[in-house]
Each structure stands twice: as C-alpha cells, then as structure tokens.
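See below for the structure under consideration.
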Amino acid sequence: MPDLRRVMIWLALAGLLAGCGGGPRPERQAGSPATPTGSASVAGPTAAPEGSASAARSSGASRAVAGRADDVNGDGHADLVVEVDLPRADRRDLVIVHGSARGLDQQRRTIVPSETFWSWLIDAGVRADLDGDGFGDVLGYGRSNDAERMRPHIFWGGPRGIDPGLPPTPMPLPGQSDVASYRTVAGDFDGDGAADVAMSTPSGRNDTGLTILYGPFTREGVAARESVQPSPTGSDFWRMSVDRIDGRRATALIVYEGDDGEQTSGWLLDAGPGGLSKAGRKLNKGMSAAFGDFDGDGTRDVAVGDDGSRNNEPGYETEAPSVDRTLTVYYGDGRTKAFTGTSGPAVAGDFDGDGHDDLAFGGRKRPVQIFWGGAGGLRAGGGVDGAGRAVVPLAAGDYDGDGDDELALAARDDGYEVIVTDGRRALSRFNL
C-alpha cells in the first residue's frame, strides 16, 4: 500500500493519505453540469483589465484581494492556518495563529477543535476573501458531525478572525446530488479580483469534471456563476495546486493525474479573462508544486518536485531518475531547469525582500533546502540555521507586515512545533 500522505497545511504542505489509491477517491456525484462559460485562455496568467471586477464586489473586497487573502482578521498581517493532525490522539484540529508587528503571536490563536469540525485540509489553496468583505476566509474540507458527509466548508473571517463558536458554512454542491465532491481549492481564475473556487466533481459514470465556481459568494456559500470543463488529465483526478491570490492577476491551476502513492504528472492550466484554459501543459512528475516569480521578470513561474511519497506495492516502489529527488522549474519565458538531491513539500515566498520569490523544498527524511530567486532564476542555497533536521516547509506569509515573507517550518516528533524563519535562520518557535 502507498505511504500515508497527510497534509498539515495552511499552504502548500503536500500530504499522504492512507490506503491504496493515495486516499479516498471522489465520491460519485450525479447531476447535470452547467454549460461552460467564457473562452479558453491560451496565454499565461495575466492581470485583469482595469475595471473588470464584478460590480457586486464591495470596496472592502477591493482592499482584501490586494494581497490580504491570508489575513482573516483584517489587521494587515498574514495569519497562519494549519491543520494540527495528531493521529495518536485521534485529533484533527484547525488552528489559526494571528500575525502581528512582531510576527506570529502564539498567544493569539483560534482553535476549531475536532469536536466542532473534523478538519481535513487536503490541498494548497484554502485562503481567499470569498464574500468580498475585506477579510480572508478559510476554505476547509471535513464534517461538523459523524452523520454529515465530508465536503467543502467555508470559515468566514471578520474583525476578530474566525469565530470558533460558529459552525462553518457547507458549500452547496453543483448539480443534483447528495454526495460530496472531494477536492476544492480557491483562486482567481478569470482575474476579475473576486475569488473563485475550483472543484473536482464527478460528471459521469467513469469520469471527473473540473467545476469552476466564480465569486463573489454569498454567506450561504452560493457562487455568482459556475462552469464545467472536462478533466484535463483525461480521467479521474482529485489533487490540485493553485497560485496565490494577490488581486492583481489571474491564478493558474495544476490538476494532477490520479495516484496510488507514487509521483504523477500535473497538468498546468493557464488563466485569464476567459477563465482557465481547457487544455493544459503536462509537467514532469512530482506531487509538490509552488508558484512564484523566481526571476523577477513579471511572469509567473512554477516549480514541481518529488514530495517523497512512493507506492510501495511490489514493483512500484521507485521513481525514474528524472523524478526521484528532482525539482523542475518552469519559467514563464519557456525555460526549464532541474535540480536534484532532495524531496519533500515546496513553499514559495520572497524571504529576503529583493523582489524575487524564493523557494523552500525538502524535509521529512532530508534537510530543507532554500533556493534563492534572482535575475537568472532560482539558485541552490543552504539550509536554515537553528531549525533542526526533522522539519518540513509549512507556509509562507508576511506575518510581521514588514514587506517580505517569513517561512514557517513544521517539526512533528512528539507534538506539532512551528519554526518561523527568514529563510536563513530560525527567528522563533512555538508548539501547537
């Protein structure tokens, strides 16, 4: 059977799901998909034309999409959202640690316990201001009670962040169905400034469709409109990775081929005013992915790497040399470059504030390595001093509001420790 692929994210910690098939496959959903709207975008992700945002968005929404999708209490500092998965204690708590002028403040945290919501934050791309009120929201997956099916839910942000006393809003599922779709991520796929949601939805007896729900969303979780397009992989899919929402451009999407614990290829769908392209670009195999502008040329790049998981069924335990412990960077100008030597989750952010995104990659059984951005693209650097060896990249954000990103690492020996770094050395650490 494959390794357990657990996701510990706020953003971009790829996970292991138990059992053959890399975890539960999407539950079947019957119903008539909506007619696709908009034309395919064949160019790379572009900024939306000025004034193209929906008139339904409030002035608060305009402030929120300008880089505050990760700020659930609207104080100008990014917040860390993480699923604290403690299997021995049978707990899957959702924890929000708020940013401040001094960085992540372990004294200011919100905990949504398993008794309130059994959380399963599976994929990267769970932060967005979905209703356009100026506060970041959290797109979660799970259930509020044992009788409820696992499905996407929305935790609404506000002046005090997420209220753990209020149950999250279950998202209405497209079509006529009483079963949940499996994967859901948030982005801005048409570049209009309003957050959208991509959803894996069964569209036939043996097929899966890609449903796009376009925002803004009502407080009942209802989208302004929706479209459906065929699976870019040509078959079932359940994993996706998405670019970060910043309010200035459309966000691309990676849809992965189905897996059984092994590394599979992702299909990169460009985004633009017409929405996501219908045909994707097939990438090298690798279940880790992170978007950024690594060479500072204004176009988006994407790094795809081996996350370390393997299908351990006899005869399938290894990966090809072009995949094993390999990171492949696809630049917006058409260049590609490969690095070898490590594997694990990937997280991107501008850690040194020079205007070029950097990348943290590795972990689990190997040290985390930092790749620094520059005019020529990523270059391999060293590790993070004082972080320890048994850490993995967890998330990146401007938690102290100083203009550059901090890198959060996770250590999971007997608990769940978060180490906040500047990409070179550990700045602080606390246990969740």
*Under the criterion side-chain contact (heavy atoms from CB on, under 4.5 Å), which of Ile96, Thr110, Asp79, Ile162 is the partner of Asn73?*
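The passing option is Asp79.
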
*The single option from Val347, Asp301, Val329, Leu327 passing side-chain contact (heavy atoms from CB on, under 4.5 Å) against Leu359*: Leu327

With a 4.5 Å cut-off on side-chain heavy atoms, are [Y] and [X] touching?
X	Y	answer
Arg249	Asp243	yes
Val418	Val82	no
Glu257	Ser235	no
Glu226	Thr201	no
Leu130	Trp156	yes

*Using the ring pair (Phe, Tyr, Trp, His ring centres under 6.0 Å) rule, pick out the option among Trp120, Phe117, Tyr141 that qualifies with His153.*
Phe117

*Rounded to the nearest 0.5 Å, what separation is found between the OG1 atom of Thr328 and the NZ atom of Lys285?*
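Taking OG1 in Thr328 and NZ in Lys285, the distance rounds to 12.5 Å.
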
*So how far is it from Asp405 CG to Asp352 CG, rounded to the nearest 0.5 Å?*
10.0 Å

_Pairing donors with acceptors under 3.5 angstrom, does anything connect the side chains of Ser309 and Asp307?_
no

Backbone N or O of [Y] within a donor-acceptor pair of the [X] side chain at under 3.5 Å?
X	Y	answer
Asp129	Ala69	no
Thr116	Ser114	no
Arg325	Asp306	no
Asp357	Phe294	no

*Could you walk me through whether Phe189 and Thr251 pass side-chain contact (heavy atoms from CB on, under 4.5 Å), step by step?*
CA-CA 5 Å; Phe189 303 118; Thr251 55; 3.8 Å; yes

*Heavy atoms from other residues, nucleotides or ligands near CZ of Arg91 exceed 12 (cutoff 6.0 Å)*: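 Buried by this count: over 12 neighbours within 6.0 Å.
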
_Criterion side-chain contact (heavy atoms from CB on, under 4.5 Å) on Arg92 and Glu83, from CA distance to verdict_ = CA-CA 6 Å; Arg92 301 187 73 93; Glu83 176 193 287; 2.5 Å; yes

